[in-house]
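Beneath this line is the structure, given in structure tokens, with notes to follow.
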Number of protein chains: 2
Amino acid sequence: MATGSSAPSAPAPPGSGEKSHLFNFTGISANKAGMGADRKLVADFVYEKSKNSQYTQHQLELDAKQQARAELVAKELRIAEARMSEIELLSERRKIEAELEALEKHRDLSRTHCVVDMDMFYAAVEIRDQPSLASKPVAIGGLGMISTANYVARLYGVRAAMPGFIAVEMVRNPAAIGSKMPPDELVFITPNFAKYTQVAMETREIFRQYDPHFRAMSLDEAYLDLTDYLAAHGVSAEAAVQEMRDRVKARTGITCSAGIGPNRMVAKIASDERKPDGQSQVLPTREAVLEFMDRLPVRKLPGCGKVLENQISIMLGVQTCAELRAAAARVKRAFQGRKTCSFLMRACLGLSSDELAEEGGEVGNVARKSLSCERTFRAESEPAELRGRLRDLCRQVSEDMAASVPPLAGRVVALKTKASSFEVRNKQISLIQPVGFSPNFGKGGEDGREHAEQETARVTQELYKLLEPVLEEQFPCHLRLMGVRVSSFRDQRATLDKGQQLISFFQSKGSEQQEGPSAGAGPDNLNTGMPKPQIQEANVIDLDSSQEDQRDKSRDPPVQSQSLPKGCLKRVVERLASRRAKRIRLSGVCCPVCGVRVPEDQANRHVNAHYGDQ
Amino acid sequence: MATGSSAPSAPAPPGSGEKSHLFNFTGISANKAGMGADRKLVADFVYEKSKNSQYTQHQLELDAKQQARAELVAKELRIAEARMSEIELLSERRKIEAELEALEKHRDLSRTHCVVDMDMFYAAVEIRDQPSLASKPVAIGGLGMISTANYVARLYGVRAAMPGFIAVEMVRNPAAIGSKMPPDELVFITPNFAKYTQVAMETREIFRQYDPHFRAMSLDEAYLDLTDYLAAHGVSAEAAVQEMRDRVKARTGITCSAGIGPNRMVAKIASDERKPDGQSQVLPTREAVLEFMDRLPVRKLPGCGKVLENQISIMLGVQTCAELRAAAARVKRAFQGRKTCSFLMRACLGLSSDELAEEGGEVGNVARKSLSCERTFRAESEPAELRGRLRDLCRQVSEDMAASVPPLAGRVVALKTKASSFEVRNKQISLIQPVGFSPNFGKGGEDGREHAEQETARVTQELYKLLEPVLEEQFPCHLRLMGVRVSSFRDQRATLDKGQQLISFFQSKGSEQQEGPSAGAGPDNLNTGMPKPQIQEANVIDLDSSQEDQRDKSRDPPVQSQSLPKGCLKRVVERLASRRAKRIRLSGVCCPVCGVRVPEDQANRHVNAHYGDQ
DNA sequence: GAGCAAAGT
DNA sequence: TACTACTTTGCTC
DNA sequence: CTCCACAAC
DNA sequence: TACTGTTGTGGAG
Ligand SMILES: Nc1ncnc2c1ncn2[C@H]1C[C@H](O)[C@@H](COP(=O)(O)OP(=O)(O)OP(=O)(O)O)O1
Ligand SMILES: Nc1ncnc2c1ncn2[C@H]1C[C@H](O)[C@@H](COP(=O)(O)OP(=O)(O)OP(=O)(O)O)O1
Ligand SMILES: [Mg+2]
Ligand SMILES: [Mg+2]
Ligand SMILES: [Mg+2]
Ligand SMILES: [Mg+2]
């Protein structure tokens with residue numbers, strides 16, 4: 001099925017009438033698309049709607065680069081394979097089989113994992129609060145960007161991460177994208193993050209009863225190890241999960257879907273199988289797992305995004321996990337030396353890690369590693385204007401650092417810029433002395449408020465003084481985005497809102513890393529494009545693994561939400577947060593973003609404040 | 001038509017089955033109600049829905065007090081009249097007629113005033129941006145409170161200042177309030193103040209071309225003196241206003257209505273006559289004006305709210321302006337010594353002031369006299385919690401003061417509280433040295449950001465230190481609202497978002513004030529309830545008037561918006577604002593709330609920030 | 001001047 | 001669960 | 001360590 | 001007019 005024929009090494013000519021086949025893979029790919037609208041037609045539609053935009057121009061360049069690399073590797077692979085003798089091929093095959101068997105030995109089918117994921121989460125909350133919307137196409141977001149859409153809108157091809165103005169046209173003209181829906185008007189709802197957080201906290205109360213150590217991956221998604229619960233209660237996983245989902249629905253009025261499997265990755269993928277309000281189980285046998293995996297498009301593997309999917313397709317001619325497994329030898333050759341290699345090998349066998357490496361944070365919470373704030377705006381050249389925005393970002397970051405528990409101080413500060421051409425740059429500064437707050441900051445109880453604000457102003461200023469010269473270097477420039485980021489925290493303990501990065505979450509440690517450079521090592525950073533780690537159970541193979549400490553595998557209480565815009569609103573709340581944080585005795589709920597306890601009636605406002613204005 | 005029979009001096013028994021007739025006048029009264037729903041049924045419905053709430057309990061107490069006072073005065077009036085001899089009556093009548101004639105002499109019909117008021121403003125903007133809402137009942141606000149509603153919703157009885165949860169039920173059950181609309185679901189939209197401000201600024205660009213000195217009374221309302229324009233262009237008022245309205249519609253996509261009359265009050269009332277997308281003119285003849293006024297319910301007079309309306313009804317048995325004029329003698333007796341007296345006398349003759357007393361602010365802008373921030377929350381007793389909220393309010397006020405141009409400093413600081421019983425208290429502190437910012441604050445240009453933030457923190461702290469003890473005095477308490485206000489500004493020049501208070505706007509100076517106590521002076525503060533000033537043209541009678549300087553009557557450029565919630569969001573924006581304010585050279589638009597220039601793409605966010613989160 | 005209530009958006 | 005936010009004015013004590 | 005790109009929600 | 005915001009990871013230089 002490999003395509004890779006005419007490879008335009010230069011950026012595809014924009015506006016050259018026919019759309020670039022490259023842009024194609026930027027659009028909606030095999031994965032979640034489905035339902036009502038034709039993937040290709042949607043991609044075409046989106047492309048047509050923004051053919052001549054800066055955004056598209058930039059995307060085309062990225063795509064072309066990826067495509068060229070993929071095709072080059074594909075070519076090299078073909079050449080290398082052509083060169084290989086039968087003996088070499090046989091030996092390789094045997095080696096691969098041995099490796100797969102080795103992996104197989106560590107397959108753990110003894111535990112029962114479950115992934116719960118709310119259905120069309122933001123949209124569901126809004127529709128719950130305004131049921132008359134249920135029958136209409138609804139998008140959460142605005143004309144600029146959509147965060148999610150209800151299933152009606154999805155029938156028109158509307159998706160998360162789709163610009164709203166395009167979605168509008170799709171709903172008005174369903175025929176153009178192969179949808180049989182009648183023309184309609186897309187209803188937009190500005191996100192109300194506070195509400196979603198509130199709902200999320202309610203769901204987590206329930207999850208906790210099935211696994212006190214569950215991990216929340218985002219506001220709408222949780223990972224549970226049900227093994228102990230099932231043993232203790234003597235119920236089937238199916239029944240327990242059904243009950244849990246019923247309780248979520250009863251408590252929040254919102255449906256969720258769940259996947260049950262012998263490890264988190266399988267459970268995660270399974271959670272998507274019966275998506276709206278359903279659950280599905282992959283039985284804990286090797287056969288069931290492999291059968292389940294085999295029919296999956298590789299894109300379904302968490303960590304396999306559109307770029308890797310395209311690489312696999314172009315380089316290996318592979319679409320499904322079954323094909324991937326069959327092509328294990330080529331995978332090795334194509335991705336050798338990269339984590340992607342063992343990731344793919346393990347993933348297509350349905351293997352993943354089950355441990356909860358609670359690196360850092362509180363009692364098992366995941367430690368935050370960076371904190372940032374960025375904003376898109378109408379492209380701007382005026383230095384004074386840009387400086388003003390930079391200062392706003394610094395203040396925001398400062399306030400967020402102050403509101404963290406414990407307050408943060410970091411040794412790396414970075415400025416992110418995006419030009420009106422969509423070109424992104426990051427410039428970072430490493431410091432000897434961290435910038436930020438002392439660990440005792442915020443302990444001032446009733447008083448010390450003034451001190452807190454002065455400190456925040458101080459950190460704002462320090463960040464600004466550090467980054468303003470960095471910005472200065474960019475002039476003249478025409479920017480549409482700036483962002484400020486702090487990392488390398490002095491104190492590891494600050495908990496993050498979400499639990500780990502899901503990929504390494506599935507893979508824990510172990511990597512593929514250089515087994516010696518191989519075929520795929522194309523020019524420059526060819527083959528670069530994908531970072532996916534590997535799967536890795538509690539008992540993992542770990543070929544290389546020059547990793548850190550392993551610590552106790554105790555699972556831990558969740559509490560958190562998800563990476564969300566911390567926008568303007570955040571401020572008000574943030575302050576409330578930092579203040580509230582000082583007297584935990586107060587009633588209220590824990591904000592999953594900043595971990596701070598806020599009074600219930602403030603919860604909405606509070607969490608909203610973590611998000612952007614827009 | 002006088003009612004006043006059974007006068008329950010004690011608060012009406014709550015939940016005593018039948019609703020109190022007192023609560024009746026708390027509800028929607030004669031004025032704008034109309035359309036689709038039966039006033040009384042709506043009032044009943046609302047009452048039934050919240051019969052036993054703290055809110056209603058509190059309202060009933062207020063109503064009972066007013067009702068008792070009104071009935072007492074009515075009784076005294078009746079007694080006094082019964083005592084009067086025929087001669088006394090005749091002499092009084094002659095005196096009154098002389099007074100009316102005196103007022104009449106100063107009637108000015110030479111100028112052409114116009115009031116433009118956007119139709120269902122907030123709702124119109126939202127519907128413009130989502131036209132599919134046009135046919136549905138839409139409310140701006142939430143379950144707690146509605147700011148406005150579209151005309152569809154109004155057919156169900158939904159109104160501004162109505163709690164959302166009641167509106168929901170009205171739309172679901174239209175029959176209950178005498179509406180013939182089919183049951184439906186009310187669509188709620190969270191206000192997006194930034195957008196409304198943007199639209200308002202666009203309308204004002206147009207208004208300015210018809211009267212460079214026009215006054216903006218709110219985001220959606222402007223007062224123009226068209227005299228010069230009409231003379232210069234030789235067009236009729238009707239044509240000019242029609243053209244202006246067309247331009248507003250073309251520019252903003254939103255309709256407005258307008259009233260044309262010989263003075264502002266008449267124009268204002270007229271603007272409501274053909275409300276959706278219409279205009280009406282009251283010709284500049286005494287006869288036309290009187291005919292227009294005569295048929296008006298007194299409630300239509302701006303400044304005559306539900307309490308005064310009720311007083312007039314109970315005390316005078318008067319409903320319309322015609323009756324009011326005929327009852328001039330009783331008006332005098334009932335309201336003598338109060339500004340209400342001359343207000344009513346002048347108003348029912350269709351007289352009002354035309355001058356623009358630009359007291360204070362910039363070149364003709366209206367000077368702000370106070371600045372405040374208040375928040376409602378779930379009733380709370382915990383001192384620590386309340387202190388935290390107090391500090392937030394102080395910070396908000398501090399930031400607003402900093403963002404004002406020029407930055408503010410005030411000599412009076414006040415704490416407002418509302419108990420869970422809805423009882424409101426205000427406690428103020430007068431200072432020798434004003435608290436706030438030096439007039440040069442914010443001149444720091446590119447640098448001085450840090451200083452600005454430290455100063456803001458300083459003022460926050462000063463406000464808090466002043467008010468925290470005041471709060472302390474209230475403990476123990478159970479509060480549902482707190483507010484912080486600063487007034488008595490050192491510097492008069494800070495411009496306000498709206499132009500004058502519309503009542504005194506109609507009356508300029510002149511007052512009725514004590515001509516010696518008369519009949520109505522009941523017990524305590526009987527007769528208290530109404531503040532309305534009088535009407536008063538450029539050539540006004542002004543019986544007493546121990547007023548201040550008169551200054552030049554030059555009209556002045558408007559620029560501003562309206563009193564809006566400055567809520568949490570405000571913060572982010574506010575800061576942007578204050579910063580931006582320092583370099584006015586930048587492109588962008590002027591924020592009507594804080595007067596600051598912000599880049600266009602930030603306008604929405606900016607203005608939104610002035611408003612509450614909710 | 002302090003405090004409350006009414007009024008407007 | 002759920003009755004606003006902001007500003008000005010009038011009046012009383 | 002710096003920077004970019006990719007991935008996820 | 002209008003293509004996000006936050007965090008983490010992998011890989012290359
Ligand atoms: N690209 C994005 N940008 C911003 N927010 C996002 C994005 N994708 C998802 N979100 C937010 C909105 C979603 O409701 C929420 C959960 O994401 P996700 O579970 O992937 O989809 P979903 O819950 O909306 O629908 P589904 O029914 O497919 O799960 O996270
Ligand atoms: N009680 C209130 N509380 C908060 N905001 C209000 C209130 N009343 C009005 N507003 C806001 C929302 C309105 O759209 C805007 C203008 O008010 P107004 O002109 O009186 O009504 P409207 O423009 O919504 O309808 P219309 O003028 O067509 O009767 O001010
Ligand atoms: Mg989901
Ligand atoms: Mg999810
Ligand atoms: Mg209006
Ligand atoms: Mg108005």
**OP:** Output yes when at least one side-chain N/O atom of B:Ser53 is less than 4.0 Å from OP1 or OP2 of D:dC3, else no.
**Re:** no
Original post:
Considering only side-chain heavy atoms of B:Thr340, which listed nucleotide, D:dC11, F:dA2, F:dA12, is closest?
Top reply: D:dC11
Original post:
Hey, is the side chain of B:Lys427 poking within less than 4.0 Å of OP1 or OP2 on C:dG3, counting only N and O atoms?
Top reply: yes
**OP:** Could you tell me the separation between the OH atom of B:Tyr122 and the C1' atom of C:dG8, rounded to a whole number of Å?
**Re:** 12 Å
**OP:** Assign each of B:Asp117 and B:His58 to its nearest nucleotide of DNA chain C by heavy atoms, then name whichever residue's nucleotide is nearer the 5' end.
**Re:** B:His58
**OP:** Would you mind reading off the distance between B:Leu219 atom CG and D:dT7 atom C1', rounded to a whole angstrom?
**Re:** 14 Å
Subject >> OP1 or OP2 of D:dT1 under 4.0 Å from side-chain N/O of B:Arg378 >> reply: no
Original post:
Can you check whether A:Lys268 has a side-chain N or O nearer than 4.0 Å to OP1 or OP2 of E:dC9?
Top reply: yes
Original post:
Would a 4.5 Å heavy-atom cut-off, applied to side chains only, mark A:Val424 and A:Thr417 as touching?
Top reply: no
Subject >> Heavy-atom side-chain contact between A:Tyr122 and A:Lys195 under 4.5 Å >> reply: no
**OP:** Figure out the CG/C1' separation between A:Asn426 and F:dG5, and round it to whole Å.
**Re:** 14 Å
**OP:** Just compare F:dT7, C:dT9, E:dC6 and give me whichever is closest to any side-chain atom of B:Ser218.
**Re:** C:dT9
**OP:** Name the closest nucleotide to the A:Ile166 side chain, picking from F:dT7, D:dA5, F:dC3.
**Re:** F:dC3
Original post:
Does a nitrogen or oxygen in the side chain of B:Lys65 sit under 4.0 Å from OP1 or OP2 of C:dC4?
Top reply: no
**OP:** Check whether any side-chain nitrogen or oxygen of B:Ser50 sits under 4.0 Å from OP1 or OP2 of D:dC3, and answer yes or no.
**Re:** no
**OP:** With the side chain of B:Leu143 defined as its heavy atoms from C-beta on, choose the nearest nucleotide among E:dC9, D:dA2, E:dC1.
**Re:** D:dA2
**OP:** Select one nucleotide: of F:dC3, F:dG5, F:dT6, the one nearest the side-chain heavy atoms of A:Ser372.
**Re:** F:dT6
Subject >> For atom NZ of B:Lys418 and atom P of D:dC3, their distance in whole Å >> reply: 9 Å
Original post:
So among B:Phe165, B:Tyr47, B:Phe422, which one has a ring-ring contact (aromatic ring centres under 6.0 Å, His included) with B:Tyr55?
Top reply: B:Phe422
**OP:** Identify, between A:Arg480 and A:Glu374, the residue whose nearest nucleotide on DNA chain F lies closer to the 5' end.
**Re:** A:Arg480
**OP:** Could I get the full list of salt bridge (charged side-chain N to carboxylate O under 4.0 Å, His left out) partners for A:Lys418, not counting sequence neighbours?
**Re:** none
Subject >> Polar side-chain atom of A:Arg480 near backbone of A:Ser421 as donor-acceptor pair, under 3.5 Å >> reply: no
Original post:
Atom CZ of A:Arg425 to atom C1' of E:dC3: distance rounded to whole Å?
Top reply: 12 Å
Subject >> Nucleotide C:dA5, atom C1' - distance to CD of B:Gln59 in whole Å >> reply: 11 Å
Subject >> Minimum-distance nucleotide to B:Gln428 side chain [options: F:dC3, D:dT7, C:dA2] >> reply: C:dA2
Original post:
Do A:Ser370 and A:Val486 have side-chain heavy atoms sitting under 4.5 Å apart?
Top reply: no
Original post:
With respect to the phosphate group of C:dA2, does any side-chain polar atom (N or O) of B:Ser430 fall under 4.0 Å of OP1 or OP2?
Top reply: yes
**OP:** Determine: side-chain N/O of B:Arg485 to OP1/OP2 of D:dT8, distance under 4.0 Å, yes or no.
**Re:** no
**OP:** Using atom CG of B:Leu308 as one end and atom P of C:dA7 as the other, report the distance to the nearest whole Å.
**Re:** 6 Å
Original post:
What is the distance, rounded to the nearest whole Å, between atom CZ of B:Phe188 and atom P of D:dC3?
Top reply: 13 Å
Original post:
Between B:Thr376 and D:dA5, does any side-chain N or O lie under 4.0 Å from OP1 or OP2?
Top reply: yes
**OP:** Would you indicate, yes or no, if C:dA6 has its OP1 or OP2 atom less than 4.0 angstrom from a side-chain nitrogen or oxygen of B:Gln66?
**Re:** yes
Original post:
Would one find a side-chain N or O of A:Arg69 under 4.0 angstrom from OP1 or OP2 of F:dG11?
Top reply: no
Subject >> Short side-chain N/O contact from A:Ser370 to OP1 or OP2 of F:dG8, under 4.0 Å >> reply: yes
**OP:** Respond yes when some side-chain nitrogen or oxygen of B:Lys339 is under 4.0 Å from OP1 or OP2 of D:dT9, and no when none is.
**Re:** no
Subject >> Closest non-hydrogen atom pair between A:Phe489 and A:Lys369, with its separation >> reply: CE1-C, 3.4 Å
**OP:** For B:Ala161, answer base if it contacts any base atom (sugar-phosphate contacts may also be present), sugar-phosphate if it contacts only those atoms, and nothing otherwise; contact means non-hydrogen atoms under 4.0 Å.
**Re:** base
